[in-house]
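We name chains A, B, ... by the order of the sequence lines, and we start the count at 1 in each one.
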2 protein chains.
Amino acid sequence: MTIAEVSRKYDISQDTLRYYERIGLIPRVRRNKSGIRDYSEEDCYWVYFSKCMRSAGLSIEALIEYVSLVQEGDGTMQERKKLLIEQRKLLKSRIEEMQATLDRLDGKIARYEERLLKVEQQCPVG
Amino acid sequence: MTIAEVSRKYDISQDTLRYYERIGLIPRVRRNKSGIRDYSEEDCYWVYFSKCMRSAGLSIEALIEYVSLVQEGDGTMQERKKLLIEQRKLLKSRIEEMQATLDRLDGKIARYEERLLKVEQQCPVG
DNA sequence: TTACCACCTAGAGTGTACTCCAAGTCAATA
DNA sequence: TATTGACTTGGAGTACACTCTAGGTGGTAA
């Protein structure tokens with residue numbers, strides 16, 4: 001797969017794909033004889049994984065660390081698992097915090113509903 | 001309340017508090033005779049509200065808009081409610097997306113658990 | 001009355017995460 | 001064989017959200 005195809009498929013700009021590879025957020029992609037990136041299925045998986053994790057708010061730093069552990073081989077499995085558990089914990093607490101904010105927002109909206117209803121009752125024609 | 005107290009109370013730097021006021025993310029705070037900010041209870045509420053909403057990922061742009069509608073008075077209630085509902089929707093879908101990523105992460109962690117268990121069984125001493 | 005400290009403002013600087021650019025390569029087409 | 005277009009690289013530029021700085025004011029304590 002070319003970079004153009006991957007870019008379209010995952011809606012990530014070519015520049016960002018190259019940038020992610022440059023900083024190690026995804027492993028280095030194989031080039032063909034003329035130096036052009038040829039994304040394998042696994043490369044695509046990495047692109048997708050990084051996209052998900054990044055948009056969920058995982059730090060670039062942690063993801064780079066994870067990629068490099070994977071590349072070091074099976075000896076790092078324990079460490080990788082630990083890293084993922086740590087990130088999972090962070091993500092979970094972010095979600096909980098956001099859920100609490102959502103609830104506040106719901107409360108606020110409900111209060112607007114009430115107040116607007118009152119205004120309506122006072123001026124039934126307006 | 002002085003800016004130092006508010007800064008401590010909500011764990012937001014004084015610079016950021018001044019910045020938020022400057023860009024209209026919170027309404028202008030009253031100054032005393034010598035020009036020093038004196039945060040009222042309501043100001044503190046705004047600081048807290050902005051902090052919550054910002055850390056949940058609401059855009060600065062939307063929050064500035066909300067603040068300015070509140071300052072325009074009761075005539076904007078309908079519009080404010082609409083804005084909050086819109087932001088609520090965005091927040092909800094972000095939470096759902098993050099929840100999906102959390103689930104993926106759980107699956108990944110579970111697979112590491114399995115693989116590590118297998119390795120252990122193969123080398124029960126190691 | 002001078003030293004100090006917390007505060008003020010406007011504007012410049014910074015870090016992160018991209019995003020763009022210049023100069024060049026390669027394969028395919030006119 | 002000349003042009004086109006998608007790609008390459010390294011490095012420069014940008015946007016956002018702060019964060020810091022310089023120069024100044026006002027109130028308090030030695």
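Side-chain proximity of A:Arg31 to the nucleotides C:dT19, C:dC8, D:dT8 is greatest for D:dT8. Among C:dC7, D:dT8, C:dC18, the nucleotide with an atom closest to any side-chain atom of B:Thr2 is C:dC7. With D:dT19, C:dA17, D:dC7 as the candidates, the nucleotide lying closest to the side chain of A:Tyr19 is C:dA17. Taking every side-chain heavy atom of A:Gln14 into account, D:dC7 is the closest of C:dT19, C:dC8, D:dC7. Of the candidate nucleotides C:dA27, D:dT8, C:dC20, C:dA27 has the atom nearest to the side chain of A:Ser34.
A heavy-atom distance below 4.0 Å to DNA chain D is reached by these residues of residues 50-69 of chain B, ordered by number: B:Arg54, B:Ile60.
Taking 4.5 Å as the limit, every side-chain heavy atom of A:Gln71 sits out of range of all side-chain heavy atoms of A:Thr76. Residues A:Phe49 and B:Lys108 form a side-chain contact, since some pair of their non-hydrogen atoms from C-beta on lies under 4.5 Å apart. Between A:Val47 and A:Leu17 the shortest side-chain heavy-atom distance falls below 4.5 Å.
Nearest heavy atom pair, residue B:Leu25 against residue B:Arg54, reads CD2-CG, 4.1 Å. Here the shortest heavy-atom pairing between B:Asp74 and A:Arg115 reads OD1-NH2, 4.0 Å. Closest heavy-atom contact between B:Tyr39 and B:Glu21: OH-OE1, 4.2 Å.
Nearest-nucleotide positions on DNA chain C place B:Glu5 closer to the 5' end than the other of B:Glu5 and A:Gly35.
A close approach under 4.0 Å does occur between a side-chain nitrogen or oxygen of A:Tyr20 and OP1 or OP2 of C:dC18. One finds a side-chain N or O of B:Arg37 lying less than 4.0 angstrom from the OP1 or OP2 phosphate oxygen of C:dC8.
A donor-acceptor pair is defined here as one N or O able to donate and one able to accept, closer than 3.5 Å; such a pair exists between the side chain of A:Asp43 and the backbone of A:Ser40.
Look at B:Lys92 and B:Glu96 and you find a salt bridge, because one of the NZ, NE, NH1 or NH2 atoms lies within 4.0 Å of a carboxylate O, short of that distance.
Between the CG atom of A:Asp15 and the P atom of C:dA22 there is a distance of 13 Å, rounded to whole Å. The distance from atom CD1 of B:Ile12 to atom P of D:dC18 is 9 Å, rounded to the nearest whole Å. Rounded to an integer number of Å, the gap from A:Asp38 CG to D:dT8 P is 10 Å. Taking atom CG of B:Leu17 as the reference point, atom P of D:dC20 lies 14 Å away to the nearest angstrom. If you take CD1 of A:Ile3 and C1' of D:dT8, they are 10 Å apart, rounded to a whole angstrom. Note: OH (A:Tyr39) to C1' (D:dA6) measures 14 Å, nearest angstrom. Rounded to whole Å, the distance from NZ on B:Lys33 to P on C:dC8 is 13 Å. For the pair B:Glu21 CD and D:dA17 P, the interatomic distance rounds to 18 Å; values are reported in whole Å.
Nucleic acid contact for B:Ile23: none, since no nucleic acid atom lies under 4.0 Å from a heavy atom of the residue. Residue B:Arg22 is classed as a base contact, given a heavy-atom separation below 4.0 Å to a base. Looking at heavy-atom distances under 4.0 Å, A:Arg18 makes contact with a base.
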